Protein chains: 2
Amino acid sequence: MQQVRGRPREFDPEQALSAALQVFWERGYEGASLTELTEAMGITKPSLYACFGNKEALFRKALDLYERDKLCYMRSALQEPTARAVAERLLRGTLAIQTGGGDPRACLGVISMVACTTQADSIKHEVVARQASSHSALVERFERAREEGDLPTHIDPKALASYLTAVMQGMGVQAGTGASAEHLQQLVETTLQMWPSK
Amino acid sequence: MQQVRGRPREFDPEQALSAALQVFWERGYEGASLTELTEAMGITKPSLYACFGNKEALFRKALDLYERDKLCYMRSALQEPTARAVAERLLRGTLAIQTGGGDPRACLGVISMVACTTQADSIKHEVVARQASSHSALVERFERAREEGDLPTHIDPKALASYLTAVMQGMGVQAGTGASAEHLQQLVETTLQMWPSK
DNA sequence: TGATTTCCATACCGATCGGTATATAGTGAT
DNA sequence: ATCACTATATACCGATCGGTATGGAAATCA
């Protein structure tokens, strides 16, 4: 699989991809120009195109990395024993991502879904599809919770999942517009106070 | 104030501004090109610049119109007698905006706050500032509600306002990514079910 | 009817966008 | 040393961006 002939590349693709992810996360898909990307990645445009295809393919690979590194808590959160514990881990995980770096920033998915309006609706559809699959996993988890008597019967699991997702998306919006870490933390605590008890 | 000499303009500025608002609302500030704007407004670029200044000034005027036409329910919602009624009117008003046109779409403010990443952070700051003022009005309303015994004492009015705002922003994100009107309606009902009772 | 003022239409501006052609430099195999 | 191959660097491509200069056309004044 490895190339043997020809000049070897002078950069580490994974490291370059990680740098690209940071730019996409900060600027969004359309806001990230190739100039910014190549400067952050430390490579030139032909190198980028030879290694990653084009801007859209690069973004998809960055999205894969993002899900693997940043959203792994979502999968593990579903394994918590109660619906409330699931929600708590999701909320705290979201908080950790948004306040992890320097300034709070929204989830990359939220940024991409809202910001891609002009040419890049294929990107938007991609992100929406990925989000939909994790959403349905959350719905199933809450359905199981209700069967286990873990949720009040007057609560619809599907609606509850959408509601929780909306809160996290709203956190993202506020994180992207100057909200402090303390502010976001308060938001998490308040949401947990609201959580339905049986 | 009115011009008397010279050729009168052939279009209605208010009508043109309304058309511009629709484009901004659909595409966001950066996503709306002058070509799209002028075509929708039915005027040429020199006419636009003579009448509205430039793209940014046009957007601010469109934002004024948006607040006047679409967000007037926010002011009146604060006059409801109870905190819960305030929240209900805010949520239903948001729902009405997002599902009012053809396809559900996010609040223009949310779109602008999230999408403006590159050059237009002056736009972003403008929208954030406007949002901040209406947010503080909501905080004051909830503080009054707690004084009136209308909210449980363990609830912080500031956090509650941020929470409610987050839910509405999350509704906007979902509205902009293909959520149906029924879906958004469920979201509103669920949030109201969660609302703290004294 | 001029004279003046303003609007509209066309064509254009420099800058930037995503993407690429070309030529050179560096590698392993022969 | 030469060949086949690939990465890099530079310079460039057409398209589009927001914004304007220019040259009539139209309406109101005298």
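Bear in mind that the values here come from a model prediction, so they are computed numbers and not experimental data. Sequence lines set the chain letters: A, B, ... in the order given, protein chains first and strands last, and positions in each chain run from 1.
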For residues 158-173 of chain B, which side-chain donor-acceptor pairs fall under 3.5 Å, sequence neighbours excluded?
unit_1: Ser162(B); atom_1: OG; unit_2: His183(A); atom_2: NE2; d: 3.3
unit_1: Ser162(B); atom_1: OG; unit_2: Lys158(B); atom_2: O; d: 3.2
unit_1: Tyr163(B); atom_1: OH; unit_2: Tyr163(A); atom_2: OH; d: 2.4
unit_1: Thr165(B); atom_1: OG1; unit_2: Ala161(B); atom_2: O; d: 2.8
unit_1: Gln169(B); atom_1: OE1; unit_2: Gln174(A); atom_2: NE2; d: 3.1

Taking only N and O in the side chain of Ser47(B), is any of them less than 4.0 Å away from OP1 or OP2 of dC7(C)? no
Backbone N/O of Lys124(A) and side chain of Asp121(A): donor-acceptor pair under 3.5 Å: no
Provide the full list of salt bridge (charged side-chain N to carboxylate O under 4.0 Å, His left out) pairs with a residue in residues 170-195 of chain A, sequence neighbours left out, each pair given once. Arg92(A)-Glu189(A)
Whole-Å distance between dA9(D) C1' and Leu34(A) CG? 16 Å
Pairs of donor and acceptor atoms involving the side chains of residues 40-47 of chain A, under 3.5 Å and at least two apart or interchain, shall be tabulated with distances.
unit_1: Thr44(A); atom_1: OG1; unit_2: Ser47(A); atom_2: OG; d: 3.3

Go through residues 48-56 of chain B and report each residue with a non-hydrogen atom lying under 4.0 Å from DNA chain D, sorted by number. Tyr49(B), Asn54(B), Lys55(B)
Taking CE from Met41(A) and C1' from dT8(D), how many angstroms apart are they, rounded to a whole number? 15 Å
If you find the nucleotide of DNA chain C closest to Phe11(B) and the one closest to Lys45(B), which residue's nucleotide is nearer the 5' end? Phe11(B)
Hits for side chain to side chain donor-acceptor pair (under 3.5 Å) against Glu148(B), two or more places apart or cross-chain, chain-then-number order -> Arg144(B)
Rounded to whole Å, OH of Tyr29(B) lies from P of dC17(D) at a distance of 14 Å
Under the side chain to side chain contact (heavy atoms under 4.5 Å, CB included) test, residues paired with Ser18(A) that sit two or more places apart: Leu65(A)
By side chain to side chain contact (heavy atoms under 4.5 Å, CB included), Ala145(A) pairs with (sequence neighbours left out) Ala83(A), Arg141(A), Asp150(A), Leu151(A)
Set of residues satisfying side chain to side chain contact (heavy atoms under 4.5 Å, CB included) with respect to Gln193(B), sequence neighbours excluded: His154(A), Ile155(A)
Within this structure, what is the CG-to-P distance between Asp12(B) and dC8(C), rounded to whole angstrom? 12 Å
Is Thr44(B) near enough to dC8(C) that one of its side-chain N or O atoms lies under 4.0 angstrom from OP1 or OP2? no
Distance in angstrom units between Glu36(B) CD and dC17(D) P, rounded: 8 Å
In whole angstrom, what separates Glu30(A)'s CD from dT16(C)'s C1'? 15 Å
N/O-N/O pairs, protein side and nucleotides 24-26 of chain C side, under 3.5 Å:
unit_1: dA25(C); atom_1: N3; unit_2: Arg7(A); atom_2: NH1; d: 3.2
unit_1: dG26(C); atom_1: N2; unit_2: Arg7(A); atom_2: N; d: 2.8

Do the ring planes of Trp195(B) and Phe142(B) sit parallel (below 30°), tilted (30 to 60°) or perpendicular (above 60°)? tilted
